[in-house]
Amino acid sequence: MKRWWPYPLLTAALVAMWLLLTESVALGSILMGGILATVAVWGFAALDPPGGGLKRPRAVFALAALVMADIARSNLAVVKIILNPRKTERVSGFLHIPLDMRAPYGLATLACIITATPGTIWVEYNSANNTILLHILDLVDESTWIDTIKGRYEKRLMEIFE
């Protein structure tokens, strides 16, 4: 069974997504969704993803709520910057942030959080010295940004993944 469907929950989720996208539960849609999901899961399994799981699943909900609030707050800040472009005190720039986290899923999640938050973009991860390079639209205080990334996100992601 593992040979045909190495990740049965992922296969089921992909079939469900296919059915939602096609807005049909006809036999043809179910078969096509099953075939596409199986092929996609085989491709995913061929990548040989690293093992690991959530150490504290409940912390995921707290992190998700925090990220949603930060994204909303960041959206408002970017709107203010865009609607008031005459202020010259705004400085954008690049910032290197040292990380303690090494879990690949934690790093991927951190990249998604940073990229999804308006005003910040994940530019580079240096695995040799475990640092990330970010571009920040409104770089006022570097230490505040470092504390934000390490304290708000990295600490929680380490609880979840390490």
Side-chain angles (χ1 to χ4, degrees), residues 5-18 20-21 37 40-162:
W5 293 288
Y7 299 100
L9 290 176
L10 179 59
T11 306
L14 289 173
V15 170
M17 184 176 290
W18 176 262
L20 286 171
L21 289 172
V41 168
W42 288 345
F44 179 72
L47 294 174
D48 194 27
L54 303 177
K55 306 297 185 221
R56 293 189 55 210
R58 284 186 181 169
V60 172
F61 297 109
L63 177 64
L66 176 71
V67 169
M68 293 297 208
D70 285 349
I71 287 174
R73 191 176 318 117
S74 184
N75 272 311
L76 292 174
V78 170
V79 165
K80 286 178 185 176
I81 290 171
I82 291 171
L83 294 178
N84 193 6
R86 293 190 180 148
K87 288 203 172 204
T88 57
E89 64 223 28
R90 305 232 188 271
V91 176
S92 62
F94 291 91
L95 177 62
H96 285 277
I97 299 178
L99 296 179
D100 298 321
M101 178 173 47
R102 295 238 179 230
Y105 292 127
L107 291 169
T109 305
L110 181 61
C112 290
I113 290 169
I114 290 171
T115 304
T117 306
T120 58
I121 296 176
W122 177 295
V123 177
E124 175 186 53
Y125 172 67
N126 186 338
S127 61
N129 58 5
N130 204 33
T131 61
I132 58 173
L133 176 64
L134 302 181
H135 181 269
I136 300 169
L137 178 64
D138 188 17
L139 182 61
V140 176
D141 183 21
E142 291 183 7
S143 63
T144 302
W145 277 100
I146 292 172
D147 292 342
T148 299
I149 298 297
K150 292 187 72 59
R152 289 177 76 86
Y153 303 129
E154 183 187 26
K155 182 178 80 169
R156 287 177 172 85
L157 288 169
M158 288 175 71
E159 289 176 11
I160 294 169
F161 291 106
E162 292 185 355

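Nothing fancy with the numbering, it's 1 onward along the sequence.
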* Pairs in or reaching into residues 117-140: which pass salt bridge (Lys or Arg N to Asp or Glu O under 4.0 Å), with residues at least two apart or in two chains? -> Arg90-Asp138
* salt bridge (Lys or Arg N to Asp or Glu O under 4.0 Å) contacts touching residues 73-83 (sequence neighbours left out) -> Asp70-Arg73
* To do: Identify, with sequence neighbours excluded, every residue that meets ring-ring contact (aromatic ring centres under 6.0 Å, His included) alongside Tyr125.
  =>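 Tyr125 satisfies ring-ring contact (aromatic ring centres under 6.0 Å, His included) with no other residue.
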* Would you please name every residue forming a ring-ring contact (aromatic ring centres under 6.0 Å, His included) with His135, sequence neighbours left out? =>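 Phe94.
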* To do: Taking Thr11 for its side chain and Ala37 for its backbone only, find out whether a donor-acceptor pair lies under 3.5 Å.
  =>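 It does not hold such a pair.
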* To do: Go through the steps for Leu66 and Tyr153 under the test side chain to side chain contact (heavy atoms under 4.5 Å, CB included), then give the verdict.
  => CA-CA 9 Å; Leu66 176 71; Tyr153 303 129; 4.3 Å; yes
Compare every heavy atom of [Y] with every heavy atom of [X], then report the nearest pair and how far apart it is.
X      : Y      : result
Ile113 : Thr117 : O-OG1, 2.7 Å
Ala111 : Trp122 : CA-CE3, 3.3 Å
Glu162 : Arg102 : OE2-N, 2.8 Å
Ile81  : Leu137 : CD1-CD2, 4.0 Å
Pro98  : Thr131 : CA-CG2, 3.8 Å
Ile132 : Leu99  : CG2-CD1, 3.5 Å

* To do: Evaluate the side chain to side chain contact (heavy atoms under 4.5 Å, CB included) criterion for residues Ile160 and Thr109: first the C-alpha distance (whole Å), next the side-chain angles of each, then the deciding distance (0.1 Å), finally the verdict.
  => CA-CA 11 Å; Ile160 294 169; Thr109 305; over 6 Å; no
Measuring from [X]:[atom1] to [Y]:[atom2], what's the distance to the nearest 0.5 Å?
X      : Y      : atom1 : atom2 : value
Asp141 : Ile146 : CG    : CD1   : 9.0 Å
Ile149 : Lys155 : CD1   : NZ    : 14.0 Å
Leu134 : Leu139 : CG    : CG    : 10.0 Å
Thr144 : Glu142 : OG1   : CD    : 10.0 Å
Phe44  : Leu10  : CZ    : CG    : 6.5 Å
Ile97  : Leu110 : CD1   : CG    : 8.5 Å

* Asked: Which residues pass the side-chain contact (heavy atoms from CB on, under 4.5 Å) test with Arg56, sequence neighbours left out?
  ->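 Testing Arg56 for side-chain contact (heavy atoms from CB on, under 4.5 Å), a comparison that skips the adjacent residues, returns Ala59, Glu159.
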* To do: Return the set of residues passing side-chain hydrogen bond (donor to acceptor under 3.5 Å, both in side chains) with Lys150 (not counting sequence neighbours), or none when no residue passes.
  =>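 For Lys150, the residues satisfying side-chain hydrogen bond (donor to acceptor under 3.5 Å, both in side chains) (neighbours in sequence not counted) are Asp100, Glu154.
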* Flag if over 12 foreign heavy atoms under 6.0 Å of CG, Leu9 ->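 No - once you tally the heavy atoms of other residues, nucleotides and ligands closer than 6.0 Å, there are 12 at most.
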